[in-house]
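Presented below is the structure to which this report refers.
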Amino acid sequence: MRFSTVSLAALTVASPALASPVSRGDTESERANAVKQAFQIAWDGYYAHAFPHDQLHPVDNGYDDNYDGWGASAVDAISTAAIMGNQQVVDQILNYIPTIDFKYSNETTISLFETTIRYLGGLLAGYDLLSGPAANLVSDKSKVHALLSQAQVLADTLSYAFETPSGVPYNNLLINNRSNDGSTTNGLATTGSLIIEWTHLADLTGNETYAQLAQKAESYLIHPQPSWAEPFPGLVGSTIDIATGEFTDNYVTWNGGDDSFYEYLIKFFVYDQSRFSEYRDVWLAAANSTLEHLLSHPAPKPELTFVNIWDNGTLISTSEHLTGFIGGNFLLAGSVLGRQDLIDAGLAFTDSWHATYNSTATKIGPEVFAWDEAGVPADQEAFYKEAGFYITSADYVLRPEVIESYYYAYRITGDTKYQDWAWDAFLAINSTCHVGSGYSGIQNVNIAGGDGFDNVQESFLFAEVLKYSYMIHAEDADWQTKADGLNKFVFNTEAHPFKIAGPA
Ligand SMILES: *[C@@H]1O[C@H](CO)[C@@H](O)[C@H](O)[C@H]1NC(C)=O
Ligand SMILES: *[C@@H]1O[C@H](CO)[C@@H](O)[C@H](O)[C@H]1NC(C)=O
Ligand SMILES: *[C@@H]1O[C@H](CO)[C@@H](O)[C@H](O)[C@H]1NC(C)=O
Ligand SMILES: *[C@@H]1O[C@H](CO)[C@@H](O)[C@H](O)[C@H]1NC(C)=O
Ligand SMILES: *[C@@H]1O[C@H](CO)[C@@H](O)[C@H](O)[C@H]1NC(C)=O
Ligand SMILES: *[C@@H]1O[C@H](CO)[C@@H](O)[C@H](O)[C@H]1NC(C)=O
Ligand SMILES: *[C@@H]1O[C@H](CO)[C@@H](O)[C@H](O)[C@H]1NC(C)=O
């Protein structure tokens, strides 16, 4: 169902749970348009100075090929361009995609995980949107089909990574001669964030091998061995032995390195509730264990709720910008499973990561922060007492996770406070990170102006930051998350929306 700001007829058939997203006036559409304008600025800079390389260096109009050299920003931008209805950019990307040679990369090693979430994710979401609810943007259907055929070429190039004794893949690949970097282990997130993309490709093409490869690898994570690697039900270690599929540690965290393993457990269930209920059960166990054992409230601000690391019995009070997705993940689970307790936990996390934004000089949250009373740096004592945390890595690299959680909080509760928070964050990023021909990461979120630029316009600015910033103010649409849990799309960890395969 599509809500319109002008059609009263649409309002009368709106489900009560979704009532508030329609109560928008000119302010909200102005906000959505301002985000579209920022997308155009970022794209124009990239297209003029960096395309078809991976990422723009906006300060000096340079570029990098840090993500395989296949035009990561272009492929990462397609689903956002489609959602924004940006026909010109959709055309530019669709004309480019058939020209990519996914069998060859100039880069020394490429990451199976990064390649899966950005490229496979972007191609499949582009296919779903442009053959589905955004089909009106495309006249030449063969270009849409190329998204799927190129996804298949890419997966066929990568699939040798799973040819290991256990089926746990190598992550760092030299695809030109089908070799790897010789690692004996793989990480939890890099192993455990492949199932949605590879299964969706299998569903779209009918080639079950893609699904089997990713699900075999994941089987070691949801049935962890040895038993000490699962210190609490559902919460597991961070490193897996490629030869045996066994964990080599029991270091538990929702921070970077482990994050999207937990994220995907519930999202895979959302993708197909008829086939993947086992993943829901593991997510529920992990969520319960997290609420029971890992929650932590900073001494000066006990109303905030962060998540500890568990390191073999020792709790470590450190978290990250990356971990800010946790609010949205609990909110999605709560809405789909009809569990108010999970929604409440998701809102508590979302509020707390909001505090990492509103406490700083730039109003942008830091990369890494901590709240262990024993470790407060002398020069941050006042900041810690006021904010409830202190900053241990002050940079911001255009990450989306906090805005992502605002998105779920707004879509699921309808409380416009979250739209206001997303708008505050957008304005802060738009003014602090804009430089030269685009947007850049900054060195220090707690110095007005950001204290200098890292000169990288990350491809996920297109895929994630600008998509969630836009959608939170945009009309309802098939791809939007639904308050009643009856979703038609689910977002991968790069914010690429996939059409759900099973019954909602
Ligand atoms: C690979 O690198 C070489 C040398 O830097 C360059 O000439 C060539 O165009 C690159 N090929 C691709 C496909 O990027
Ligand atoms: C199915 O995918 C696998 C894995 O990439 C590939 O080896 C195989 O050739 C594919 N089968 C077909 C019929 O395309
Ligand atoms: C594959 O290529 C890389 C880089 O060119 C080289 O270092 C490596 O030895 C090759 N591996 C095999 C198994 O041929
Ligand atoms: C965990 O700590 C125990 C001692 O408390 C030690 O015996 C064990 O080796 C540690 N395990 C790991 C994986 O570090
Ligand atoms: C975790 O699960 C146990 C057993 O079902 C239940 O008693 C407990 O209330 C749950 N804890 C939370 C925080 O949901
Ligand atoms: C900052 O955010 C926190 C959490 O949402 C909130 O409790 C606090 O009132 C906010 N402070 C300001 C100055 O807006
Ligand atoms: C966002 O930044 C651009 C570039 O500086 C500027 O033109 C635009 O007005 C800004 N948008 C808002 C809403 O402030």
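Whatever order the structure lists them in is the order used to number ligands and atoms, beginning at 1. Numbers for residues simply follow the sequence, beginning at 1.
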Ligand 5 atoms in contact with Leu291 (distance to a heavy atom under 4.0 Å):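 Counting from 1, the qualifying ligand atoms are 13 (C).
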Run the numbers for me: atoms of ligand 5, each under 4.0 Å from some heavy atom of Glu292, listed by number.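 Atoms satisfying the 4.0 Å criterion: 1 (C), 8 (C), 10 (C), 11 (N), 12 (C), 13 (C).
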Under 3.5 Å: N/O of Asn288 near N/O of ligand 5: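 Min N/O separation from ligand 5 is below 3.5 Å for Asn288.
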Can you find an N/O atom of Trp228 closer than 3.5 Å to an N/O atom of ligand 4?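 Between Trp228 and ligand 4, no N or O pair is found under 3.5 Å apart.
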With sequence neighbours left out, what residues match Ala501 under side-chain contact (heavy atoms from CB on, under 4.5 Å)?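 For Ala501, the residues satisfying side-chain contact (heavy atoms from CB on, under 4.5 Å) (neighbours in sequence not counted) are Asp203, Tyr271, Asp272, Arg275.
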For Glu230, give me all partners under salt bridge (charged side-chain N to carboxylate O under 4.0 Å, His left out), at least two apart in sequence or on another chain.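 Once residues adjacent in sequence are excluded, Glu230 has no partner under the salt bridge (charged side-chain N to carboxylate O under 4.0 Å, His left out) criterion.
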Mind checking salt bridge (charged side-chain N to carboxylate O under 4.0 Å, His left out) for Asp241 and listing every partner two or more places apart, or none if nothing turns up?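 Here no residue qualifies.
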Do Tyr63 and Gln55 come close enough that some side-chain heavy atom pair is under 4.5 Å?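 Result no, sub-4.5 Å side-chain heavy-atom pair not found.
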Residue pair Trp353 / Ser319, side-chain heavy-atom distance below 4.5 Å: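 In short, these two side chains touch, coming nearer than 4.5 Å.
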Determine, using ring centers only, whether Phe389 and Trp371 are less than 6.0 Å apart.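 Ring centres of Phe389 and Trp371 not closer than 6.0 Å.
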I'd like to know if Arg399 and Glu320 make a salt bridge, using a cut-off of under 4.0 Å between side-chain N and carboxylate O.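 Between Glu320 and Arg399 there is no salt bridge, as every charged N stays at least 4.0 Å from the carboxylate O atoms.
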Protein residues having a heavy atom less than 4.0 Å from any atom of ligand 3: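 Ligand 3 pocket, heavy atoms under 4.0 Å: Leu174, Asn177, Ser179.
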Taking the six-membered ring of Tyr67, is the NZ or CZ of Arg118 close enough (under 6.0 Å from the centre) and on axis enough (within 45°)?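 Yes, Arg118 sits over the ring of Tyr67.
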